[in-house]
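Residue numbers begin at 1 in each chain, while the letters A, B, ... track the order of the sequences. Note that the structure is a prediction, hence the values are computed from the model and not measured.
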2 protein chains.
Amino acid sequence: MIRLLLADDQALVRGALSALLGLEPDLEVVAEVGSGDAVVAAALEHRPDVALLDVEMPGTDGITATAELRRAAPDVRVLIVTTFGRPGYLRRALQAGASGFVVKDTPAAQLADAVRRVHAGLRVVDPALATDSLVAGESPLTARETDVLRAARDGSSVAVIATRLFLSEGTVRNHLSAAIGKTGATNRAEAVITAEGNGWL
Amino acid sequence: MIRLLLADDQALVRGALSALLGLEPDLEVVAEVGSGDAVVAAALEHRPDVALLDVEMPGTDGITATAELRRAAPDVRVLIVTTFGRPGYLRRALQAGASGFVVKDTPAAQLADAVRRVHAGLRVVDPALATDSLVAGESPLTARETDVLRAARDGSSVAVIATRLFLSEGTVRNHLSAAIGKTGATNRAEAVITAEGNGWL
DNA sequence: ACTGCGCCATGACATCTGTCATGACCAACG
DNA sequence: CGTTGGTCATGACAGATGTCATGGCGCAGT
């Protein structure tokens with residue numbers, strides 16, 4: 001019996017995945033949580049063999065939850081199950097210690113297999129996504145550029161970003177300009193979009 | 001036996017929902033499709049009693065699929081199952097003829113009940129979302145303002161939007177200015193965000 | 001010790017944006 | 001028929017944005 005932990009913020013999806021995996025004779029869902037913060041505690045309590053984590057979650061996201069879980073319970077293997085196949089997500093997930101990475105539009109029949117492979121100690125990665133990740137490479141943005149671009153996501157003006165990050169307006173404009181250049185954008189909004197698409201934010 | 005049709009672009013979610021609903025003795029999934037375009041054809045072929053449609057789908061979205069389905073097969077009731085509880089989505093879905101509207105973070109146990117209620121001819125609507133919809137009201141944007149704002153979503157400059165919509169730059173700026181005013185934003189990016197959040201785009 | 005690089009800042013410049021006034025055309029409505 | 005409102009356009013203006021040159025500071029690596 002492979003014991004599973006499910007983490008997804010959407011209760012309906014969580015329950016549905018539970019039903020899907022529960023149909024397999026050798027799989028057993030022993031815990032379900034709705035946020036990344038609850039992952040470690042639930043894992044310590046229910047001792048799953050494999051944890052299926054979503055990336056987009058309120059509070060702690062799936063990737064940092066992966067890192068925390070690896071530290072707190074190294075014997076639990078992590079399979080990331082996410083909506084967005086962003087190159088940066090894959091890279092960061094593997095660096096955080098995930099054993100597998102599955103996108104939510106893979107056929108349902110393959111999920112159980114992915115779980116079994118991960119449990120057996122293998123790596124499971126969508127090959128198309130893996131090449132994307134190689135092409136896109138690591139984030140070219142420096143820490144500060146990332147901060148500033150992240151602060152610009154909600155459409156804030158330079159002045160607002162500056163006060164929020166305790167910077168001068170000129171500095172914010174410089175960082176933004178650098179980010180725009182590095183992302184190949186012509187524009188703050190474009191830069192945000194491509195950086196998000198690559199999982200750099 | 002209530003016959004069901006599932007439409008969701010994410011295969012994993014689709015399969016998982018199928019597994020979840022298949023556990024109920026009185027429910028039976030007779031068709032699954034991955035895009036809005038395929039909904040009507042599948043409905044005509046498999047004659048479901050209730051169709052569960054996602055809103056965000058490639059090609060035809062769930063709301064227009066609802067309208068098409070109501071016309072092609074009026075006896076099929078529609079239950080919208082979506083990630084985003086945007087007020088405008090609810091309003092437009094009901095106007096298109098949907099019988100129910102469920103957000104994906106409702107508990108999994110309630111989905112089967114929602115299906116049964118819809119099948120019985122009742123309306124199913126998240127009460128919190130319903131009040132939100134009343135508060136937010138209908139979109140204040142005119143058709144053209146919506147077009148321009150939609151074209152601005154990807155961070156395009158005024159010049160690009162103008163050529164794409166065959167307008168002069170001044171006109172684009174006027175429409176954008178009007179949209180910014182109506183959305184209470186100070187900014188093009190902010191206007192896009194609030195309009196999207198309300199389901200106006 | 002020197003160099004490179006990230007970070008912060010300033011100032012200047014060209015361009016882009018958002019706003020406003022104004023006017024024309026057309027459709028809908030009373 | 002006059003009014004209202006949406007659409008398109010122009011021109012002008014202030015303010016925001018993006019770029020660039022320049023300089024100081026601190027922290028690596030050679």
_Does either side chain, that of B:Asn174 or that of B:Thr171, offer a donor lying less than 3.5 Å from an acceptor on the other one?_
no
Item to complete: For A:Asp147 and A:Leu165, run side-chain contact (heavy atoms from CB on, under 4.5 Å): C-alpha distance rounded to whole Å, both residues' side-chain angles, the deciding distance at 0.1 Å, then the answer.
Response: CA-CA 8 Å; A:Asp147 289 342; A:Leu165 267 62; 4.1 Å; yes
Axis-to-axis angle for the helix from C:dA1-D:dT30 to C:dG30-D:dC1, ends of five pairs each, to 10°, equals 40°
CG of A:Leu111 to CG of A:Leu21, rounded to nearest 0.5 Å, is 5.0 Å
Residues at least two apart in sequence or cross-chain that pass side-chain contact (heavy atoms from CB on, under 4.5 Å) with B:Thr66, listed by chain then number, are B:Leu53, B:Arg70, B:Val78, B:Ile80, B:Ala96, B:Ala98
When rounded to the nearest 0.5 Å, the distance separating NE2 of A:His119 from CZ of A:Arg116 is 11.5 Å
Interatomic distance, OG1@B:Thr106 vs CG@B:Asp113, rounded to 0.5 Å, equals 11.0 Å
CD (A:Glu145) and CD1 (A:Ile180) are apart, to the nearest 0.5 Å, by 10.5 Å
Note: contacts of residues 163-175 of chain B with DNA chain D (heavy atom, under 4.0 Å) are B:Leu167, B:Ser168, B:Gly170, B:Thr171, B:Arg173, B:Asn174, B:His175
Salt bridge (charged side-chain N to carboxylate O under 4.0 Å, His left out) filter on A:Arg3, not counting sequence neighbours, yields none
In numerical order, the residues of residues 183-201 of chain A whose heavy atoms come under 4.0 Å of DNA chain C are none
So side-chain hydrogen bond (donor to acceptor under 3.5 Å, both in side chains) across residues 34-51 of chain A, not counting sequence neighbours, yields A:Asp37-A:Thr60
By nearest-nucleotide position on DNA chain D, the 5'-leaning member of A:Ile180 and B:Glu145 is B:Glu145
dist B:His175:NE2 -> B:Leu149:CG (nearest 0.5 Å) comes out at 11.5 Å
Could you pull out the protein-nucleic contacts involving nucleotides 26-30 of chain C (nitrogen or oxygen on both sides, under 3.5 Å)?
none

So side-chain hydrogen bond (donor to acceptor under 3.5 Å, both in side chains) across residues 76-88 of chain A, not counting sequence neighbours, yields A:Glu56-A:Thr82, A:Arg86-A:Tyr89
In short, side-chain hydrogen bond (donor to acceptor under 3.5 Å, both in side chains) pairs touching residues 7-16 of chain A with sequence neighbours left out are A:Asp8-A:Lys104
Atom CG of B:Leu141 and atom P of D:dG6 are separated, to the nearest Å, by 11 Å
Applying side-chain contact (heavy atoms from CB on, under 4.5 Å) to B:Arg173 and not counting sequence neighbours gives B:Val158
So CG of A:Leu201 and OG of A:Ser139: to nearest 0.5 Å the spacing works out to 8.0 Å
Report task. Kindly say if A:Thr142 contacts the phosphate of C:dC7, meaning a side-chain N or O under 4.0 Å from OP1 or OP2. Result -> yes
Per the under-4.0 Å heavy-atom filter, residues of residues 147-161 of chain A near DNA chain D come out as A:Ser157, A:Val158
Residues pairing under salt bridge (charged side-chain N to carboxylate O under 4.0 Å, His left out) where one sits in residues 122-133 of chain B, two or more places apart or in two chains, turn out to be none
